Amino acid sequence: MALKIVALPGDGVGPEVVREGIKVLKAVEESFGLQFDIVPYPCGGKHYLETGEEWPDAAFESCRTSDAILLGAIGYPGANLPDGDLAGAGVVFGLRFGLDLYANVRPTKLYPNVRHKIHDVPKQVWEPEKVDFVIVRENTEGAYTPIRGSLRRGGLEELAVDNSVTTRKGAERVIRYAFELSSRRTGAPADGMKRVTCVDKSNVLQGCRLFRSVYDDVAEEYPGVERDYAYVDAFMQWMIRKPETYDVVVTSNLFGDIATDLAAVLQGGMGLAAGGNIGDSHAMFEPIHGSAPKYEGQDVANPMATVLAGQMMLEWLGETKKERTLREASHAVEAAVEAVLKEGKPLTYDLGGKAKSSQVGDALAEKVRILAKSEE
Ligand code: IPM
Ligand code: MG
């Protein structure tokens with residue numbers, strides 16, 4: 001059975017990293033006897049400048065009928081909608097809201113031989129075994145709820161309002177996702193405890209108070225998972241100081257947006273950070289680095305984040321379709337990334353190497369083939 005994967009390469013380096021991601025998926029197809037029907041659509045800010053639309057009309061419907069979606073990046077200099085919004089963001093939000101992708105899942109794992117990006121930290125404290133947690137960000141409400149507006153634009157009396165909405169249903173499903181995820185994992189690196197940390201600002205915000213009380217209700221159902229609470233401001237420093245104490249972290253939309261970029265620092269930077277936007281019946285996977293327009297067309301962007309997004313996609317497909325081969329393929333892709341990192345070559349500039357994106361993609365595809373053979 002062929003799986004339909006919609007590819008949305010988008011802007012800047014998006015098309016280059018998605019090309020390498022697909023290269024690795026092709027190696028997976030050959031090596032694991034799987035079949036992917038990859039359906040690409042143009043989209044993003046540049047596409048908007050050229051055509052007046054952020055993506056073709058047919059693209060959303062195609063995503064809705066796909067098995068999974070792989071997105072590159074959105075955002076092009078000077079590409080804005082008439083109201084000032086980033087052109088192309090409608091693709092990301094169209095998918096998140098339109099397909100109800102309520103859990104934004106961000107694994108934060110430092111692989112061996114990778115240096116994290118905290119300024120001037122000496123080599124002996126890289127300790128990869130200390131960083132292995134997942135941030136689960138609520139993805140359909142909070143401060144991203146599209147109930148906003150402004151009055152008297154441009155004048156001295158100008159006013160702008162954003163509303164942050166928290167619903168019991170929205171909080172419950174993402175918190176449940178976090179507890180289910182923790183139940184399947186091996187616990188926090190520091191003590192092996194399964195733990196879900198609720199990150200909020202419930203000392204001030206009403207929506208966060210609801211979020212925390214729903215967290216308490218859901219936690220009752222998971223006696224094997226430890227409860228943990230942190231205010232978001234304090235969490236930001238604990239995440240950097242003691243990453244090993246975290247297993248799964250659940251938080252609201254805007255806090256999660258901020259925390260996940262900071263978390264990428266602990267795993268060697270944006271070139272290695274992948275994310276999944278996951279709902280009950282659809283999912284979209286992406287590297288979280290964005291379009292990086294100044295590197296566009298140079299074949300230098302690290303494709304590993306996209307390849308790891310593909311790995312998350314295979315894992316999710318394996319779970320939802322109850323298909324062991326997909327799960328094995330997902331392990332092989334992660335092992336391929338680990339193997340290249342361990343060998344220390346080829347690496348792109350962000351990891352201290354000089355290799356092209358396409359060379360890293362070739363090496364990863366080759367590793368997948370070798371790993372698949374050795375498992376036969
Ligand atoms: C992310 C991004 C998006 C967000 C932007 C591109 C709209 O920063 O996925 O984290 O704010 O959610
Ligand atoms: Mg973000």
Side-chain angles (χ1 to χ4, degrees), residues 8-15 17-18 21 43-48 54-55 60 63 69-81 83-108 117 134-148 162-166 170 174 177 199 232 235-236 239 249-267 269-279 282-293 296 301 305-306 308-310 312-313:
L8 300 168
D11 288 312
V13 299
V17 291
V18 166
C43 68
K46 196 173 185 188
H47 183 73
Y48 174 77
E54 294 173 276
W55 53 344
F60 176 76
C63 286
I69 304 153
L70 185 64
L71 178 94
I74 292 295
Y76 200 73
N80 291 93
L81 303 179
D83 65 1
D85 279 1
L86 179 76
V91 175
V92 175
F93 296 129
L95 291 170
R96 287 182 187 170
F97 293 118
L99 299 179
D100 218 7
L101 309 179
Y102 58 82
N104 191 322
V105 181
R106 278 273 298 106
T108 304
K117 295 266 182 192
V134 182
I135 300 181
V136 179
R137 158 187 173 190
E138 201 292 317
N139 213 26
T140 52
E141 47 185 51
Y144 280 65
T145 311
I147 305 175
R148 53 175 80 97
D162 296 284
N163 288 287
S164 183
V165 173
T166 307
V174 76
Y177 185 97
V199 169
V232 62
F235 172 72
M236 291 293 174
M239 177 173 73
V249 174
V250 68
T251 190
S252 58
N253 209 337
L254 182 59
F255 297 160
D257 179 47
I258 299 164
T260 52
D261 273 26
L262 181 56
V265 168
L266 292 169
Q267 67 185 130
M270 291 296 210
L272 286 163
N277 296 252
I278 300 178
H282 298 94
M284 180 265 273
F285 299 86
E286 55 177 343
I288 71 158
H289 50 57
S291 60
E296 179 180 355
T306 307
L308 288 168
M312 291 179 77
M313 180 176 85

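Remember, predicted model here, so these are calculated numbers, not experimental data. Start at 1 with the first residue, then count along the sequence. These values consider heavy atoms only, across backbone and side chains, with no hydrogens, waters or symmetry-generated copies. All ligand and atom numbering here is 1-based and tracks the order in the structure.
Each protein N, O or S atom less than 2.8 Å from the Mg ion (ligand 2) was counted, giving 1.
How far CD1 of Ile288 is from CG of Asp257: 8.5 Å, rounded to the nearest 0.5 Å. The CG atom of Asn277 lies 8.0 Å from the CG atom of Leu95; values are rounded to the nearest 0.5 Å. Rounded to the nearest 0.5 Å, atoms CE (Met284) and CG (Leu101) are 6.5 Å apart.
Minimum heavy-atom separation, Ser164 to Ala143: OG-N, 3.3 Å. Scanning all heavy atoms of the two residues, the minimum distance from Pro146 to Phe97 falls at CD-CZ, 4.0 Å. Of all heavy-atom pairs spanning Tyr102 and Gly279, the tightest one is CE2-CA, 3.9 Å. Considering every non-hydrogen atom in both Phe285 and Ala309, the closest pair reads CB-O, 3.6 Å. Looking at every heavy atom in both residues, Met312 comes nearest to Val105 through CE-O, 3.6 Å.
Protein heavy atoms are found inside the 4.0 Å sphere centred on atom 1 (C) of ligand 1.
The shortest N or O to N or O distance between Asn104 and ligand 1 is not under 3.5 Å.
Here Tyr76 pairs with nothing under the side chain to side chain donor-acceptor pair (under 3.5 Å) rule; sequence neighbours left out.
Protein heavy atom closest to atom 5 (C) of ligand 1, with residue, atom name and distance, is Phe93 CZ, 4.9 Å. Among protein heavy atoms, the minimum distance from atom 10 (O) of ligand 1 is reached at Asp257 OD1, 2.9 Å. Annotation: atom 6 (C) of ligand 1 to nearest protein heavy atom, Leu86 CD2, 4.7 Å.
Selection from Arg96, Arg106, His289 by nearest heavy atom to atom 3 (C) of ligand 1 gives Arg96.
Side-chain atoms of Arg137 and Asn253 form a donor-acceptor pair, as typed in the model, at a separation below 3.5 Å.
Using a 4.0 Å heavy-atom cutoff, Ile74 is absent from the residues neighbouring ligand 1.
Atoms of ligand 1 found under 4.0 Å from any heavy atom of Tyr144, numbered from 1 in the order shown, are 4 (C), 11 (O), 12 (O).
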